[in-house]
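Okay, structure first, notes after.
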Amino acid sequence: MHDQRRMTIIDVARHAGVSAKTVSRVFNDEPHVSAGVKQRVREAAAALDYHPNVMAQALVRRRSHLIGLVYENPSSSYGTELQMGVLDRLRDEPYRLVVIPIASVAEHAAEVVGLLRSAALDGVVLAPPASDNPRILSDLQRAGIRCARIASTRLLDAAPSTTIDDLAAAREIAAHVIELGHRDIAIIKGDPTHASTEARLLGYGQAFHAAGLTMRLDRIEQGLFTRESGRVAAARLLESADRPSAIIAQNDEMALGALIAARELGLSVPEDLSIVGFDDTELAQLAWPPLTTVRQPVFDMAVAATDMVIAQLHREQVTMQRAYKHVLIIRGSTAAPPRLDC
């Protein structure tokens with residue numbers, strides 16, 4: 001057994017049978033070190049329970065080994081998926097995650113990059129709506145901070161991006177509701193500062209148009225992607241004498257709020273009212289009845305975006321766009337309407 005003092009790079013070098021300089025080159029990911037030597041050094045470090053001093057490495061290499069995640073989404077499930085995806089990709093990397101939630105990207109866009117610079121981040125992953133904010137993207141470029149984006153829908157050439165076809169996904173879930181026989185369909189929109197809000201609304205409109213239906217303006221309520229905003233918006237829709245037979249919410253949080261509003265008014269889902277969401281968060285699966293929704297692979301997109309940042313830091317070739325497919329998930333919150341409008 002080795003003694004209890006703190007192991008040094010010299011101890012690792014002796015154990016591996018190489019020079020201290022070689023050990024340093026291995027832990028600093030420098031070139032021209034054979035795979036066999038790298039393996040010996042890492043095995044020696046593991047045997048001695050040696051861990052490189054990250055702060056010392058940062059001073060030498062002028063890197064903090066910190067990667068930020070900037071997001072503005074009140075859904076705890078969505079935020080958790082983002083963080084878990086980034087952490088999964090960083091598991092075997094020398095980088096650590098700094099989570100930077102922004103209360104309102106639209107209101108604080110001019111301050112975001114200054115905050116990132118003060119945190120001395122090497123790179124940053126941007127989630128919606130920061131991923132589509134032109135001020136943030138241009139400021140990052142000027143600051144020389146590497147970035148990659150999750151679920152971006154605009155300025156796709158500005159920085160590496162992971163994407164999903166929000167328009168097609170929204171069109172498919174609206175078509176599902178229409179195919180069940182619903183004709184009086186209400187919509188709860190998300191935060192207007194998110195690019196996905198209008199993209200999904202356009203997708204719903206395309207499904208309505210294909211079915212020969214008109215999307216009524218009085219059936220569209222503004223939400224903020226929060227459960228409470230969904231509950232309030234749904235209550236306004238359902239308290240009218242001619243309530244709709246279905247509600248399409250632009251994320252699962254608002255759909256869950258609509259489900260709560262329906263229960264508060266004594267309505268049964270899906271017997272009296274069908275409700276759908278978007279994202280397929282854990283909440284969608286735990287709700288009763290479970291929510292029909294669109295699965296957006298948030299975890300996988302976060303992994304890919306983090307990989308894009310790391311590739312830039314390693315000066316490797318980066319794919320500018322990675323497209324991900326959505327999946328319509330049909331569960332118990334949708335059914336045929338109690339009566340068909342002819």
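Computed from heavy atoms alone, side chains included, the values below leave out hydrogens, waters and symmetry copies.
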For a 4.5 angstrom cut-off between non-hydrogen side-chain atoms, does Q296 reach M301?
yes
E228 and R231 ion-paired at < 4.0 Å:
yes
E271 CD: over 12 foreign heavy atoms closer than 6.0 Å
yes
Any side-chain to backbone donor/acceptor pair from D88 onto M84? Under 3.5 Å, distance only.
no
Nearest heavy-atom approach of A234 to A261 is CB-CB, 3.8 Å
Sub-4.5 Å side-chain heavy-atom contact between D157 and Q321
yes
Steps toward salt bridge (charged side-chain N to carboxylate O under 4.0 Å, His left out) verdict (D279, R295):
CA-CA 5 Å; D279 286 333; R295 178 173 296 159; over 6 Å; no
Determine whether more than 12 heavy atoms belonging to other residues, nucleotides or ligands lie under 6.0 Å from atom CG of L286.
yes
With a 4.5 Å heavy-atom cut-off, do V105 and I102 have their side chains touching?
yes
Please examine the side chains of V26 and R42, heavy atoms only from C-beta on, and report whether any two atoms are closer than 4.5 Å.
yes
Distance-only, no hydrogens or angles: does the T226 side chain make a donor-acceptor pair with backbone N or O of S229 under 3.5 Å?
yes
Given 3.5 Å as the limit, does a donor-acceptor pair link the side chain of N251 with the main chain of F225, or not?
yes
Can you tell me how far the OG atom of S274 sits from the CG atom of L291, to the nearest 0.5 Å?
11.0 Å
Mind checking the CZ-OG1 spacing from R183 to T214? Nearest 0.5 Å is all I need.
12.0 Å
Please check: side-chain N/O of S161 versus main-chain N/O of A159, any donor-acceptor pairing under 3.5 Å?
yes
Look only at the side chain of T293 and the backbone of F278, and say whether a donor-acceptor pair between them is shorter than 3.5 Å.
yes
Please confirm whether the backbone N or O of L238 pairs with a side-chain atom of R243, one donor and one acceptor, at under 3.5 Å?
no
Side chain to side chain contact (heavy atoms under 4.5 Å, CB included) between I136 and L140, intermediate numbers included:
CA-CA 6 Å; I136 292 175; L140 282 172; 3.9 Å; yes
Set out, in order, the CA-CA distance, both residues' side-chain angles and the distance that settles side chain to side chain contact (heavy atoms under 4.5 Å, CB included) for D132 and L155, then state yes or no.
CA-CA 7 Å; D132 285 312; L155 304 170; 5.9 Å; no
So, do H326 and E172 sit near enough that their side-chain heavy atoms are less than 4.5 Å apart?
yes
Consider only side-chain heavy atoms of I, L, V, M, F, W and Y, link residues closer than 4.5 Å, and tell whether V12 and V18 are in one cluster.
yes
From CD1 (I247) to CE (M254), nearest 0.5 Å
11.0 Å
Hey, mind stepping through T193 and D191 against side-chain hydrogen bond (donor to acceptor under 3.5 Å, both in side chains) and telling me if it holds?
CA-CA 5 Å; T193 67; D191 191 321; 2.8 Å; yes
Trace of the side-chain hydrogen bond (donor to acceptor under 3.5 Å, both in side chains) decision for S77 with T80
CA-CA 5 Å; S77 296; T80 299; over 6 Å; no
Which pair of heavy atoms, one from A110 and one from D139, lies closest together, and at what distance?
O-OD2, 4.5 Å
Side chain proximity check, L90 to L97, heavy atoms < 4.5 angstrom
yes
Can you check side chain to side chain contact (heavy atoms under 4.5 Å, CB included) on V124 and R146, steps first, answer last?
CA-CA 6 Å; V124 62; R146 311 298 187 192; over 6 Å; no
Common cluster, L267/I275, ILVMFWY with side-chain heavy-atom separation under 4.5 Å
yes
Quick check against the 3.5 Å criterion: does T292 have a side-chain atom that pairs as donor or acceptor with the backbone of R331?
yes
Under 3.5 Å: donor-acceptor pair, side chain of T306, backbone of R89
no
Are I173 and L213 in one and the same hydrophobic cluster, where Ile, Leu, Val, Met, Phe, Trp and Tyr link if side-chain heavy atoms are under 4.5 Å apart?
yes
Return the minimal non-hydrogen interatomic distance between L256 and A287, and the atom names on each side.
CD1-CB, 4.0 Å
Quick one: does I185's side chain get under 4.5 Å of M215's, heavy atoms only?
no
Is a salt bridge present between R171 and D165, judged by a nitrogen-to-oxygen distance below 4.0 Å?
no
Report yes if the side chains of P289 and S333 come closer than 4.5 Å at any heavy-atom pair, otherwise no.
yes
Checking side chain to side chain contact (heavy atoms under 4.5 Å, CB included) for the pair L156/T163: CA distance, chi angles, key distance, verdict?
CA-CA 9 Å; L156 296 183; T163 63; 4.2 Å; yes
Taking D252 for the side chain and D280 for the main chain, is one N or O donor matched with an acceptor at less than 3.5 Å?
yes
Step through the shown structure and confirm whether more than 12 heavy atoms of other residues, nucleotides or ligands are within 6.0 Å of CZ on R117.
no
Can you label the angle between the H314 ring and the Y95 ring as parallel, tilted or perpendicular, going by 30° and 60°?
tilted
Heavy atoms of other groups near E93 CD, more than 12 under 6.0 Å
yes
Hey, any chance L202 and I187 share a hydrophobic cluster, counting ILVMFWY side chains that come within less than 4.5 Å of each other, even indirectly?
no
Kindly compute the distance separating CG (L259) from CZ (R227), expressed to the nearest 0.5 Å.
10.5 Å
Nearest 0.5 Å, please: how far is CD1 in I164 from CD1 in I150?
12.5 Å
Salt-bridged, R200 to D166, with N to O below 4.0 Å?
yes
Show the nearest heavy-atom pair for residues L201 and Q250, with the distance to one decimal.
N-NE2, 3.5 Å
So, S131 versus S152: side-chain donor-acceptor pair below 3.5 Å or not?
no
When every non-hydrogen atom of G85 is compared with those of V303, the smallest separation belongs to O-CG2, 3.2 Å
For D92, does the CG atom sit with more than 12 other heavy atoms under 6.0 Å from it, leaving out its own atoms?
no
If I take atom CD1 from residue I100 and atom CG from residue L126, how far apart are they, to the nearest 0.5 angstrom?
9.5 Å
Please check: side-chain N/O of D11 versus main-chain N/O of T8, any donor-acceptor pairing under 3.5 Å?
yes
Closer than 4.0 angstrom, basic N to acidic O: yes or no for D184 and R219?
yes
Would you name the heavy atoms of Y71 and A127 that are closest together and state the gap between them?
CB-CB, 3.6 Å
Kindly work out whether a path of hydrophobic side-chain contacts (I/L/V/M/F/W/Y, heavy atoms less than 4.5 Å apart) joins Y324 to V309.
yes
